[in-house]
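Quick notes on the structure that follows.
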Amino acid sequence: MQNLLHNLNPEQLAAVTLPAQPALILAGAGSGKTRVLTTRIAWLVQTGQVSPTGILAVTFTNKAAKEMLSRLSAMLPINTRGMWIGTFHGLCNRLLRAHYRDAGLPQTFQILDSADQLSMIKRLLKALNVDDEKYPPRNLMYFINGAKDQGLRAKDVEAHDEYNRRFVELYDAYDNQCQREGVVDFAELLLRSYELLSRNQPLREHYQSRFRHILVDEFQDTNNLQYNWLKLMAGEHNAVFAVGDDDQSIYAFRGANVGNMVAFEREFRVQNLIKLEQNYRSHGHILDTANTLIANNSKRLGKNLRTDAGHGEPVRIYEASSDIQEAQWIIEEAKSLINEGALRSEVAILYRSNAQSRVIEHALFTAGIPYRVYGGQRFFERAEIKHAIAYLQLMDNPHNDSAFLRVVNFPTRGIGARSIEQLQDASRQYGISLYAAVPYVAGKAGSSLGSFVKLVEAMRFETQNLPLQEMVKVMLDMSGLIPHYQTEKEGADRIENLEQLVSAAMLFVSEEGFGIDSPAFLGPKAQATAGTPLPNGDEVIDADAPLPTVMSPLSAFLSHASLEAGDNQAQAGQDALQLMTVHSAKGLEFDAVFITGLEEGLFPHENSAKEEGGMEEERRLMYVAITRAKKRLYMSFSQTRMLHGQTRYNMKSRFFDELPEGALKWLSPKLQHHWFGNKKSAWDDAPESGVNTIAQSFVRKDVGWRIGETVAHQKFGEGVIVNIEGSGTNSRAHINFGRHGMKLLDLNIAKLERVGG
DNA sequence: ATATCCAGCGTTTTT
DNA sequence: CGCTGGATAT
C-alpha cells in the first residue's frame with residue numbers, strides 16, 4: 001500500500017484516500033486525473049474497504065476504460081474481474097443483456113450505430129409517407145436522441161406546435177419500429193436501463209447494495225440522462241467519486257451538461273471538493289498562456305494550474321499570408337524539430353475543423369513526411385464489414401430489418417426494388433418483420449426472397465455449435481461476399497478487411513473468454529445443465545452470471561462491433577506526425593503542438609457566436625488545445641484561406657488578445673497587411689507566389705482601398721476588406737470586422753483608417 | 001442494375 | 001474545392 005500511495009502529491013493523496021462519501025475532484029489538464037482514479041480504486045480494494053465487486057467505474061470512451069483497466073491490473077495483484085469498469089453504453093448493454101426480459105427486450109436485441117439509426121429513420125419516413133423535405137431524417141434523429149438524452153419518451157415530450165407534434169408522433173413510431181425489430185440505438189441503451197432500474201425496485205436495490213463505490217471519469221461530459229442514471233445507481237448511501245474539469249467541457253453540442261458538476265455538488269451535498277492544480281505536463285509559459293486565456297470565461301468553478309517545470313520556451317506565434325503558406329511553415333518547423341531529435345509521433349498538428357487538414361496533408365505528402373490523420377473511417381464502419389455484420393445480425397436476429405435490407409440483394413440475387421416493395425407492404429399489413437413477411441409474398445419475387453431466407457437459415461444451421469471465428473468463416477463462404485469483391489476492381493482491400501474480420505472474431509473470443517470450453521459451446525443441452533439459472537422476472541440475478549448464459553458469443557461480438565467501432569486512425573504503426581481536430585486531441589499530450597487556423601470565424605468558429613455560451617465553449621476548446629503541449633507550442637493564423645471553394649479574408653482570432661504577452665514570441669512581424677504598400681512584406685520571398693498575384697488582381701486604386709487590406713473603424717475596430725463594389729462616389733466595401741461581423745460600408749461616408757500601412 | 005452527372009452543402013463526435 | 005446523394009441514362 002505504501003507503494004500505491006507514494007509519489008502522490010498532497011492533493012492527489014487526499015483525493016485517493018477520501019472517506020466513502022460523495023466527492024468532486026476538479027482535475028486540471030495534466031494533473032494526474034487517471035492516476036488518481038485508478039489509485040483510488042486500488043486503495044479501496046487493497047485496504048479491504050470494498051471488494052472488487054463493489055466497484056463501478058464509468059468512462060465515456062472504450063479507450064479510457066481500457067486504460068483504467070490496464071493500469072489497475074498493474075497496481076493490484078488480484079484480477080480486475082468482478083469490477084464493473086466500462087463506458088456508460090457498455091455497462092448499460094451488460095445490464096440489459098442480463099435483464100432483457102425485465103427490460104422488455106428480446107434476448108438477441110441488437111445495437112444500432114448512428115448510420116443504422118439514420119437509415120432506419122429514412123425507411124420509417126418513407127413507409128409513413130412523410131415528406132422528408134419538411135421533416136429531414138437527420139433532424140428527426142437529433143430530435144429523438146435529444147429527447148432520449150433528457151430521459152424523455154415520446155409521450156413525455158411537450159410539443160407546442162403542429163410541426164413538433166409531428167416529430168413526437170414520428171419519435172413514437174420510431175420506437176415502436178425498433179421494438180418490433182428488436183434493435184436499440186445508443187441513447188436507448190441508457191434510457192432503457194435507466195427505466196429498468198427506476199421501475200424495478202428489487203433490481204435497483206440489488207445493484208445499489210452491490211456498488212458501494214461509483215467512480216466517474218470526465219464528469220463534465222455527462223448528459224442529463226447519464227447523471228440521473230448515476231443518481232439511481234448511487235441511491236442514498238453509495239459513494240460517488242466524480243472527476244472532471246469544467247474548463248475542458250467541449251461537448252455541449254452533443255448534450256453534455258457542465259451544470260451537472262454544480263448539480264452534483266448540491267444534490268449530493270458534497271463535502272469533499274478537491275482541486276488538482278499541479279500540472280505535470282506543460283512548461284510554465286504554456287501553462288500561463290492557458291491560464292490567462294481561460295480566465296476570460298465567466299462561468300467557471302475556478303482553478304489555476306501551476307507547474308514546477310520552469311518557464312520553458314515561449315509560445316511561438318506565426319502569421320501566414322495564406323493557408324498554403326501556413327502549411328509550408330508548419331512543415332519547415334516540424335522538419336527542424338525532427339532534425340533536433342523529436343519523435344514525429346510527439347508532434348501534433350491541431351485544427352478546429354476537419355476541412356483544414358487537406359492543405360496540411362497535401363504539403364506533408366509533397367514533402368514526403370509520414371503523418372497520421374485521426375478521425376477517419378473505422379473498421380466496423382467500412383461498407384464490406386457492415387455487409388458481413390448484417391449477415392451475422394440476421395443469423396442472430398432475423399427480424400432486424402436494417403440488416404435484412406442491407407444484404408437481401410447484396411451480392412445481387414435478383415431481388416429488386418419491386419420485390420422489396422411487395423415485401424414491405426406485407427410486413428406493414430401484418431405488423432411483422434420483413435423476414436417474417438417473406439411467406440406472404442407470392443410469385444417470382446416470393447421465391448427469390450424465399451431462397452434468401454433459406455440461405456440465412458442454412459447459415460444458422462451450419463454454424464450451430466461452431467466457435468465464433470468459424471461462424472464468421474462459414475458466413476463469408478455462404479454469403480458470396482468474397483466472390484463478389486473478387487470481381488470488383490478495388491475489391492482486394494475489401495477482401496483483406498473481410499479476412500481481418502475473422503481475426504477480429506478470434507481476438508474477441510480470446511479476450512472476452514468465449515473460448516472453446518466455455519458453456520456457450522457445449523450446446524443448448526449442456527448449457528441447461530450447467531446450473532446457471534436464466535434470468536427471469538421473479539428473481540434478481542446479477543449481471544455477473546457467466547455471460548454465455550445471457551448472451552451468445554455472436555450476440556456479444558455484434559455488441560462489440562456496434563459499441564466499439566475500432567481504431568479510427570489511419571496507418572497506425574510507423575512514427576508519424578499526428579493530425580487531428582482539437583476535439584479529438586482531448587486527453588492526449590505531445591512534446592510539440594501546432595494550433596493552426598486561429599482566425600475569427602474558424603477558431604472561434606462563426607457558428608459559436610449564435611449559440612448561448614458558444615464563445616466560452618470555443619475558449620475552453622482553445623484551452624484544451626494549449627494544454628496538450630508539453631514543451632513547445634506554436635500558434636498560427638493566416639490572412640487568406642480557401643474555404644468551400646472561395647477565398648476568405650479573416651481577422652486573427654480574438655484569443656490572441658487574451659494571451660499573456662510575456663509568454664509569447666511573435667515569429668513574424670506584426671501588421672503585415674499592407675501587401676501592396678511600399679514596404680516589402682515578409683512573404684514576398686516565400687516559395688509560393690499565388691497569393692499576392694491573386695490578391696493584386698483585386699486592387700481597386702480608383703477607390704483608394706484594396707481587398708485584403710486591414711482597416712480600422714471607430715465603432716467596429718479592426719477589419720479586413722473582403723470585397724469592394726461600385727466605383728468613385730458610389731463605392732461600398734464589405735469588411736470583415738471579425739467578432740462584429742461582416743459590414744457593408746460606403747467608402748465615401750465611413751471613416752476608415754489604414755492599419756499598419 | 002450499374003454508370004454517370006449535377007445540385008447542394010460544408011463545426012466539433014463517442015457510443 | 002471536394003464530397004454526398006439523388007436523379008437520370010445506358
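Chain identifiers are assigned alphabetically (A, B, ...) following the order of the sequence lines, protein sequences preceding nucleic acid strands; residue numbering begins at 1 within each chain.
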> Closer than 4.0 Å, any side-chain N/O of Asn93(A) to the OP1 or OP2 of dT15(B)?
Replying inline: no

>> Tell me whether the side-chain N/O atoms of Asn354(A) come closer than 4.0 Å to OP1 or OP2 in dT12(B).
In response: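 Asn354(A) to dT12(B) OP1/OP2: side-chain N or O found under 4.0 Å.
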
State, without any angle test, whether [X] and [Y] hold a side-chain donor-acceptor pair at a distance under 3.5 Å.
X         : Y         : result
Asn607(A) : Lys610(A) : yes
Asn224(A) : Asn257(A) : yes
Glu326(A) : Ser638(A) : no

> Do Phe594(A) and Tyr351(A) have ring centroids that are under 6.0 Å from one another?
Replying inline: no

Given [options], the nucleotide with the shortest approach to the side chain of [X]:
X         : options                   : value
Arg352(A) : dG10(B), dT11(B), dA1(B)  : dT11(B)
Thr581(A) : dG2(C), dT12(B), dT11(B)  : dT12(B)
Arg378(A) : dT11(B), dT15(B), dT12(B) : dT15(B)

> Can you tell me how far P of dT13(B) sits from CZ of Arg138(A), to the nearest Å?
Replying inline: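 One finds 14 Å between P of dT13(B) and CZ of Arg138(A), rounded.
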
> Taking CG from Leu350(A) and C1' from dT11(B), how many angstroms apart are they, rounded to a whole number?
Replying inline: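 Those two atoms, CG and C1', are 15 Å apart.
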
> When all nucleic acid strands are considered with a 4.0 Å heavy-atom cut-off, which category describes Ser608(A): base, sugar-phosphate, or nothing?
Replying inline: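 Counting heavy atoms under 4.0 Å across all strands, no contact is made by Ser608(A).
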
> Crowded around Arg300(A) CZ? As in, over 12 foreign heavy atoms under 6.0 Å?
Replying inline: yes

> In residues 248-260 of chain A, what residues come within less than 4.0 Å of DNA chain B, judged by heavy atoms?
Replying inline: Tyr251(A), Phe253(A), Arg254(A)

>> For dT11(B), is there a stacking contact with His605(A), counting only centres under 5.5 Å and planes under 30°?
In response: yes

